[in-house]
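What follows is a short report on a single structure.
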Amino acid sequence: MHVELQLQPFEKLDADMGIELITKETLETHSHKPTLERAGFKAEQDQICTLFEHNLIVCGIDSTHNDDVRSACVSLVKTLSQFNIQSAKIAVFNLESIRAVVEGFVLGGYRFETYKSEPKPVSFKRLFIASDTPEGESLDTEQVKAHLQKALLIAEATNFTRDLVNTTPEDMTPKAMGIVAKDLADSHKLECTILDENAIAEEGMNAILGVGRASTNPPRLIHLAYRPKHPKACITLVGKGLTYDSGGLSLKPAASMVTMKMDKAGACAVLGMLKAVSDLELPIEVHGFIGAAENMVAGNAYKPDDVLKTRSGKTIEVRNTDAEGRLVLSDVLCYAQEEVKADYLFDFATLTGACMVALGQYTTGLMGHNDALKQSIAQAAERSGELVGTLPFNKHLKKLLKSEIADISNTASKPYGGAITAGLFLDHFIEEEMKEKWVHFDIAGSAYTESAWDCNPVGGTGAAVRMGVEFIASLDV
Ligand code: BES
Ligand code: ZN
Ligand code: ZN
């Protein structure tokens, strides 16, 4: 999908179809009101009516708020893709709605057909944005261009993340993820360091090694760095990259194993954010650290009852091999904090089913010690159209991670509050001076969907990319 600004008013623009977003109020004075009403159009949110004789397609919206505009554009791109037309034109209400239109069309129009022998051809490819609003006011061209460029780059990075998440575990092994990272580094002038299993062993990261041991695809630790000339801040992004999570010896039931290719979504989001910040040339130094491994079953698998010695020196009692993400992250977080002294430390992980129980599948769980920081992330999420909810730590839940044999257990002794106890487990690996700078994002629910919602088709959603980039961009003050 190609979205471009055309420096012409809507009326003068040459496209196969004109698009209009109509509220119940604007329907009242619409020139085609009788025809639209005869067709049953009531301007309800996402309701579509096509008037081919006027080369016009209209869609109802409850308001001109971005959430409603984005949702309408998703319905529009799905409908337009069924027609034999190539282009359409739209007028935006204001500068902010450019983002909603781009998200609706570019994210809502996303398809993943890599594994289809006959991908479905779609003729609708181009959307033109007019230089004026539906009321005929002209918009500032430079500002429109800037908003459009930013929205497009972020949406494309989100689709890049989706492609990676959707790639099969057969194709996206830890080694393959290293190659993707290297290619991204080459095309975006990023620094790239990749540790293979031997280097990971030399660095004392036995938790990653333990998790990856039963797989024929050995683990990788990936470090990407974007270093602009005069950075205004420095942020470290850590991603859980389980290219497959079978559960290990604490094997998942068959039905729960399906979709576990998505357990690399945190890592893929980190790659997408690095792509976007470098494409946008943001003046913020950004580091991405990814722990890529495959949690499998074999004679040499790590076991419940094992004790793993992490890079930090802390020991972990393994009580459930399916709680592997926190093990991988314990080593990666430690390594990342040693390598870079950042102003912010965020980790992204499809960490717990419990996060979905707590917040529902659409919402990312935010955890950490710094309320103001979580608040500003929530505001960035709101602007970017993503949903977040904060889950509070407390000292009682923290006690549930005690181990008789090691420093800490990888599972809590009680099942309730599982997303929070997982977050509190990670907290053990955050250095004292980083506590206030750290936020944990549990994207277990939001990273992948088995039924379409908002601008997310089935599969990887690219969760955290939009809000992460929005937050990083907000550091440029
Ligand atoms: N990758 C899963 C979490 C997950 C579940 C992500 C469903 C997306 C959808 C994680 O490794 C896991 O299995 N966590 C366990 C932890 C438990 C054993 C303490 C879980 O959530 O059940
Ligand atoms: Zn697991
Ligand atoms: Zn997992």
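Numbering of ligands and ligand atoms starts at 1, following listing order. The structure presented is a predicted model; accordingly, all values stated were derived computationally and were not measured.
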Indicate whether any N or O donor in one side chain lies under 3.5 Å from an N or O acceptor in the other, for Asp46 and Ser71.
yes
Give every protein N, O or S atom lying under 2.8 Å from the Zn ion (ligand 3), naming each by residue and atom.
Lys240 NZ, Asp245 OD2, Asp263 OD2, Glu324 OE2
Determine, counting only non-hydrogen atoms of the protein, whether one lies under 4.0 angstrom from atom 14 (N) of ligand 1.
yes
Is the Phe393 to His369 ring centre distance short of 6.0 Å?
yes
Both conditions, 6.0 Å and 45 degrees, for the charged tip of Lys275 above the ring of Phe160: are they met here?
yes
Hey, what's the ring geometry for Tyr335 with Phe289, parallel, tilted or perpendicular (30° and 60° as the breaks)?
perpendicular
Tell me whether Lys314 forms a cation-pi arrangement with Phe429, defined as NZ or CZ under 6.0 Å from the six-membered ring centre and within 45 degrees of its axis.
yes
Met262: numbered ligand 1 atoms lying under 4.0 Å from its heavy atoms
8 (C), 9 (C)
Do ligand 1 and Gly353 have nitrogen or oxygen atoms that lie under 3.5 Å from each other?
yes
Heavy atoms only, cut-off 4.0 Å: how does Arg326 contact ligand 1, side chain, backbone, both, or neither?
side chain
For ligand 1, which atoms sit closer than 4.0 Å to a heavy atom of Asn320?
18 (C)
Atom indices of ligand 1, in the order listed, that fall short of 4.0 Å to a heavy atom of Glu324
11 (O)
What distance separates Asp476 CG from Glu281 CD, expressed to the nearest 0.5 Å?
12.0 Å
Compile the donor-acceptor pairs under 3.5 Å between side chains in residues 200-209 and protein atoms, sequence neighbours left out, one pair per line.
| unit_1 | atom_1 | unit_2 | atom_2 | d |
| --- | --- | --- | --- | --- |
| Glu203 | OE1 | Arg311 | NH1 | 2.8 |
| Glu203 | OE1 | Arg311 | NH2 | 3.4 |
| Asn206 | ND2 | Lys309 | O | 3.0 |

Determine whether the side chains of Asp407 and His428 contain a donor N or O and an acceptor N or O closer than 3.5 Å.
no
Counting only heavy atoms, which portion of Lys240 has something under 4.0 Å from ligand 1: side chain, backbone, both, or neither?
side chain
How does Thr259 reach ligand 1, by side chain, by backbone, by both or by neither, if only non-hydrogen atoms under 4.0 Å count?
neither
Nitrogen or oxygen atoms of Asp263 and ligand 1 under 3.5 Å apart
yes
